[in-house]
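Can you keep this structure in mind? I'll have questions shortly.
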Amino acid sequence: MAHILSAVAWPYANGPRHIGHVAGFGVPSDVFSRYMRMAGHDVLMVSGSDEHGTPILIAADEAGVTPQELADRNHRLIVEDFVALGLAYDLYTRTTTRNHHAVVQELFRGVHANGYVVEQTTMGAISPSTGRTLPDRYIEGTCPICGAEGARGDQCDTCGNQLDPQDLVDPRSKINGETPRFVETQHFLLDLPALAEALSAWLDEREATGLWRPNVIRFSQNILEEIRPRAITRDIDWGIAIPLEGWRENPTKKLYVWFDAVVGYLSASIEWARRIGDPERWRDWWNDPEALSYYFMGKDNITFHSQIWPAELLAYAGRGDKGGEPGTYGELNLPTEVVSSEFLTMEGRKFSSSKKVVIYVRDMLARYQADAFRFFVASAGPENQDSDFTWSEFVRRTNDELVAGWGNLVNRTASLVHKNFGEIPPLGGLEPADAALLERVEGAFDVVGGLIARNRMRQAVGEAMRAVSDVNRYVSDTEPWKLKGEDQRERLGTVLHVTAQCVGDLNVVLSPFLPSSANAVDVALGGAGDVQPMPRIEEVEDLDGGASYPIITGEYSDATPWRRRPLVPGTPVGKPVPVFTKLDAAVVEEELARLEGAGEG
RNA sequence: GGCGGGGUAGCUCAGUAGGUCAGAGCGCACGACUCAUAAUCGUGAGGUCGCGGGUUCGAUCCCCGCCCCCGCUACCA
């Protein structure tokens, strides 16, 4: 048994999340964590809403609310969506808790005390009316090279040249049209070059495991070559105060949102431990060098998880060129594996909320079964390369694979058992075909489990579905509906027992992918429907006197073991109700029309 | 521009340290069956493995060139 930290990317709370987000990190991390619990490991799965930074400020201004109100609203939406999806977090929290602020400040203090924070005066754009940093991408103007209108501060889309915002002709803020002011400003930078050697050694050691996806390790090593100090503060009035004399009181100097967001993995672990009344318990996942940590995210976040966060950890521990001592949290574990997904596209286009090329998690779950969506993501998600979500493919996977393959097997099995016995029949003498199927299906535990442990979800589902196919073939070959005579009753019982056993096995094997329907399938076979625990929303008080907020949590400790559980003859089996809903082919046109309509509106 | 990924049956994708490596699932055609959400089972048709060169006894797999798609490359997060 190992301690396994499932560190799941923190969704940004400037709006509701779309299915691309959960396809990249939500579903894969949940499948992994559920499996690891079943395999007997002590899993801590944490995440939360990322609520600081400029985009939230802007969205709040547009909505006419405070940034906290905007974050409150979106955090709640995300929490509801994730619970509906069945994501079994031990704790899903947020970055505006007092606990998070305190942990981030301790990290900063430690990094600063060890000398890995350097101070620098830089030139930056601010909005004259608010005094806030105006990031390059929020500045537009006329391109000084090609003369095109609408060039962004960082790049001209017309001629493709990289720009400096100060060079733009007639620069203006995209937010309110005012002319930005370029001023000298004091910032703290994380001294990444002083940590480069330690980072490189760590990456080499990680590469040697051969477990990281090749593109992730290569990309990580690549960005190390041009490593530079990186600003970790901003001129902004929304964020975490800088815990130093002379800075703390400055209302418009805050820590950069990314410096704070990645600390969330640690602060959420600490919050979890405090909430269960065992405040030092988080150390089992962070201080024990034997503990494993898996970080799940989309590829746009690789930098922050294979460079910024490890750099913060190394600096805090004093393990860079400048030496130093660990702070009160001690020596903290670096990521075991950075599991990055590629991107999901939408009918061939990139997801874009502003262009309305988007399907929100909420809309998906309002109309379709969560497990149908999870099945799609697991079997066709952007695991090693970008993949495309199309409605026709979603309908096809759901109807032809999930419903016709697995759902129908469950249904025909339960129906045969119900009609012929009304309960699980006893097992008689085994014929070779019976024994072969039982052995083959039991083998699926090792095969599928091994693939999930290596985050090969597509292949894992494929193997499980192959076993489903074999059971369907067994039923067709043995033709239990023809075993009618009294003299064939024992044989009929044996065939149905074997079939039901295999269906039960495969239900466990598929349960990390399809948690809520696994419970329904279990009920159909006379079980208690408790194969997979489900997360819940809880309204909690802030531990340190801040405002209350909703979290996701759950009780997952008595996970169903990842192995065959023999059926008990005599268990009553009722008339089954289909577990999965078959989709009407008209769904495709309806949804495409909805997209078109949104795009034009 | 730099870095990375990808172009294989109608669709979604596996695959090869170069020689039964031309594959799977779905779709399609035909047949079987009827327990099951018209589900299931069997059989079959379908591809010059992006294009052009090269290395080799032999290349989808190695090398060179080219074309196309996607992502990363920011004081966005």
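Reminder, nothing fancy here: chain letters follow the sequence lines and each chain counts from 1. Source: prediction; values computed, not measured. Side chains included, hydrogens not; waters and symmetry mates left out as well; all remaining heavy atoms used.
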Give me the distance, rounded to whole Å, that separates B:C61 from B:G54 when you measure between the C1' atoms they each carry.
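It works out to 15 Å between them.
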In the structure shown, which nucleotide is the Watson-Crick or G-U wobble counterpart of B:U56, with both distances under 3.5 Å?
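Pair assignment: B:U56 / none.
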Watson-Crick/G-U partner (both atom distances under 3.5 Å) of B:A29:
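Answer to the pairing question: B:U43, which forms a Watson-Crick or G-U pair with B:A29.
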Side-chain heavy-atom pair A:Val22, A:Val377 within 4.5 angstrom cut-off
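Contact flag for A:Val22/A:Val377 side chains = no.
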Within the structure shown, what part of the strands sits under 4.0 Å from A:Lys299 by heavy-atom distance: base, sugar-phosphate, or nothing?
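Sugar-phosphate, backbone atoms only, no base.
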A:Ser49 and A:Tyr92: side chain donor to acceptor below 3.5 Å
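The answer is yes; a qualifying pair exists.
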In terms of side-chain heavy atoms of A:Glu393, which of B:C11, B:C33, B:A36 is nearest?
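Closest nucleotide among those given: B:C11.
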Is there a Watson-Crick or G-U wobble partner for B:G23 with both distances under 3.5 Å, and if so, which one is it?
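Base partner found: B:C13.
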Any donor and acceptor pair, going by atom type alone, linking the side chain of A:His52 with main-chain N or O of A:Val257 inside 3.5 Å?
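No, A:His52 side chain to A:Val257 backbone: no donor-acceptor pair under 3.5 Å.
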Looking at the side chain of A:Pro55, which of B:C35, B:A77, B:C41 is the nearest nucleotide?
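From the listed options, B:A77 comes nearest.
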Is A:Val257 touching bases, backbone alone, or none of the nucleic acid, heavy atoms closer than 4.0 Å?
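If one applies the 4.0 Å heavy-atom cut-off, A:Val257 turns out to touch the sugar-phosphate alone, with no base involved.
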Identify the nucleotide, in any strand shown, that forms a Watson-Crick or G-U wobble pair with B:G4, with both distances under 3.5 Å; if there is none, say none.
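Checking every strand shown, B:G4 finds its partner in B:C70, with both distances under 3.5 Å.
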Would you state whether a donor and an acceptor, one from the side chain of A:Asn411 and one from the base of B:A36, lie under 3.5 Å apart?
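Donor-acceptor pair under 3.5 Å: no.
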Nearest-angstrom distance from the residue atom CG of A:Asp400 to P of B:A36:
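It works out to 20 Å between those atoms.
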What nucleotide, of B:G42, B:A77, B:G71, holds the atom closest to the side chain of A:Arg230?
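The answer is B:A77.
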Nearest whole Å is fine: how far is B:C11 C1' from A:Asp388 CG?
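Whole-Å distance recorded here is 12 Å.
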Which is true for A:Ser469 with a 4.0 Å heavy-atom rule: it touches a base, it touches only sugar-phosphate, or it touches nothing?
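The residue A:Ser469 makes sugar-phosphate contact but no base contact.
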I want to check one thing: is the phosphate of B:A77, taken as OP1 and OP2, less than 4.0 Å away from some side-chain N or O of A:Thr54?
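For B:A77, OP1 or OP2 has a side-chain N or O of A:Thr54 closer than 4.0 Å.
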When you match A:Lys484 and A:Arg397 each to their closest nucleotide on RNA chain B, which lands nearer the 5' end?
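Its nucleotide being nearer the 5' end, the pick is A:Arg397.
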A:Pro576 vs A:Arg396, nearer the 5' end of RNA chain B by closest nucleotide
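Per heavy-atom nearest nucleotide, the more 5' residue is A:Arg396.
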Counting the benzene-type ring for Trp, do A:Phe389 and A:Phe376 have ring centres under 6.0 Å apart?
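Yes - the distance between ring centres of A:Phe389 and A:Phe376 falls below the 6.0 Å cut-off.
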Report which part of the nucleic acid A:Val579 touches: base, sugar-phosphate, or nothing (heavy-atom distance under 4.0 Å, all strands).
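Base, at least one base atom sits under 4.0 Å.
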Could you check how far CG of A:Leu57 sits from P of B:C75, rounded to whole Å?
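The answer, rounded to whole Å, is 19 Å.
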Derivation of the ring-ring contact (aromatic ring centres under 6.0 Å, His included) call for A:Phe375 and A:Phe513:
CA-CA 6 Å; A:Phe375 183 80; A:Phe513 302 100; 8.3 Å; no
Nearest-angstrom distance, C1' atom, B:C41 to B:C35
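Nearest-Å result for B:C41 against B:C35 at atom C1': 13 Å.
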Say you pick atom C1' in B:A59 and the same atom in B:C64; how far apart are they, in whole Å?
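That atom pair is separated by 15 Å.
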What nucleotide among B:G42, B:A77, B:U40 has an atom nearest to a side-chain atom of A:Asn301?
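Side chain of A:Asn301 sits closest to B:A77.
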Where the side chain of A:Lys419 is defined as all heavy atoms beyond and including C-beta, which of B:C35, B:C41, B:A77 is the nearest nucleotide?
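The answer is B:C35, which lies nearest to the side chain.
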Could you tell me whether A:Pro578 contacts a base, only the sugar-phosphate backbone, or nothing, with contacts defined as non-hydrogen atoms closer than 4.0 Å?
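Counting heavy atoms under 4.0 Å across all strands, the contact made by A:Pro578 includes a base.
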From B:U40, B:G25, B:C35, pick the nucleotide closest to the side chain of A:Glu401?
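Of the candidates, B:G25 comes closest.
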Which one of A:Tyr12, A:Phe351, A:Tyr360 satisfies the ring pair (Phe, Tyr, Trp, His ring centres under 6.0 Å) criterion with A:His18?
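When A:Tyr12, A:Phe351, A:Tyr360 are each tested with A:His18, the ring pair (Phe, Tyr, Trp, His ring centres under 6.0 Å) holds only for A:Phe351.
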Indicate syn or anti for B:G27, taking the glycosidic torsion and treating anything within 90° of 0 as syn.
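Anti conformation here, the glycosidic angle of B:G27 being more than 90° from 0.
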Rounded interatomic separation in angstrom, taking CD from A:Glu342 and C1' from B:C70
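Roughly 9 Å, once rounded to whole Å.
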Quickly work out the A:Trp238 CH2 to B:C75 P distance and round it to whole Å.
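Going from CH2 in A:Trp238 over to P in B:C75 covers 24 Å.
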If you take the centroid of each ring, where Trp contributes its six-membered ring, are A:Phe108 and A:Phe188 closer together than 6.0 Å?
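Aromatic pair counts; centres sit under 6.0 Å.
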Looking at B:U37, B:C35, B:G71, which one has an atom nearest to any side-chain atom of A:Phe580?
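Output: B:U37.
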Would you say A:Arg234 reaches B:C76's phosphate, i.e. side-chain N/O to OP1/OP2 under 4.0 Å?
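So the side chain of A:Arg234 is outside the cut-off, no N or O lying under 4.0 Å from OP1 or OP2 of B:C76.
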What integer number of Å spans the P atoms of B:A22 and B:A17?
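Approximately 14 Å lies between the P atom of B:A22 and that of B:A17.
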Side chain of A:Tyr12: nearest nucleotide among B:A77, B:C35, B:U40?
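Among the listed nucleotides, the one closest to the side chain of A:Tyr12 is B:A77.
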Base, sugar-phosphate or nothing for A:Ala404? Non-hydrogen atoms, less than 4.0 Å.
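Sugar-phosphate contact only.
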Is A:Asp300 touching bases, backbone alone, or none of the nucleic acid, heavy atoms closer than 4.0 Å?
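Base, at least one base heavy atom under 4.0 Å.
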Rounded distance in Å - CD (A:Glu184) to P (B:C75):
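The distance from CD of A:Glu184 to P of B:C75 comes to 18 Å, rounded to the nearest Å.
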Worked check of side chain to side chain contact (heavy atoms under 4.5 Å, CB included) between A:Val104 and A:His101:
CA-CA 5 Å; A:Val104 168; A:His101 279 230; 5.9 Å; no
For atom P, what is the distance between B:C49 and B:G4, given to the nearest Å?
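Straight-line distance between the two P atoms is 27 Å.
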Which nucleotide, in any strand shown, forms a Watson-Crick or G-U wobble pair with B:C61, with both distances under 3.5 Å?
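Its partner: none found.
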Taking the ring of A:Phe219 and the ring of A:Trp212, is the distance between their centroids below 6.0 Å?
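That pair fails the under 6.0 Å test.
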Per A:Phe219 side chain, nearest of listed nucleotides B:C35, B:C72, B:A77
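My answer, after comparing the listed nucleotides, is B:C72.
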Rounded off to whole Å, could you give me the OH-to-P distance for the A:Tyr474 and B:A39 pair?
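Spelled out: OH on A:Tyr474 to P on B:A39 is 25 Å.
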Classify the nucleic acid contact of A:Asn399 as base, sugar-phosphate or nothing, counting any heavy atom under 4.0 Å across all strands shown.
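No contact.
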In whole angstrom, what separates A:Glu479's CD from B:A39's P?
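Value for this atom pair: 21 Å.
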Report the nucleotide, chosen from B:A39, B:C35, B:G25, that has the shortest atom-to-atom distance to any side-chain atom of A:Ser415.
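My answer, after comparing the listed nucleotides, is B:C35.
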When you compare B:A24 with B:A45, how far apart are their P atoms, in angstrom units rounded to a whole number?
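One P to the other, the span is 12 Å.
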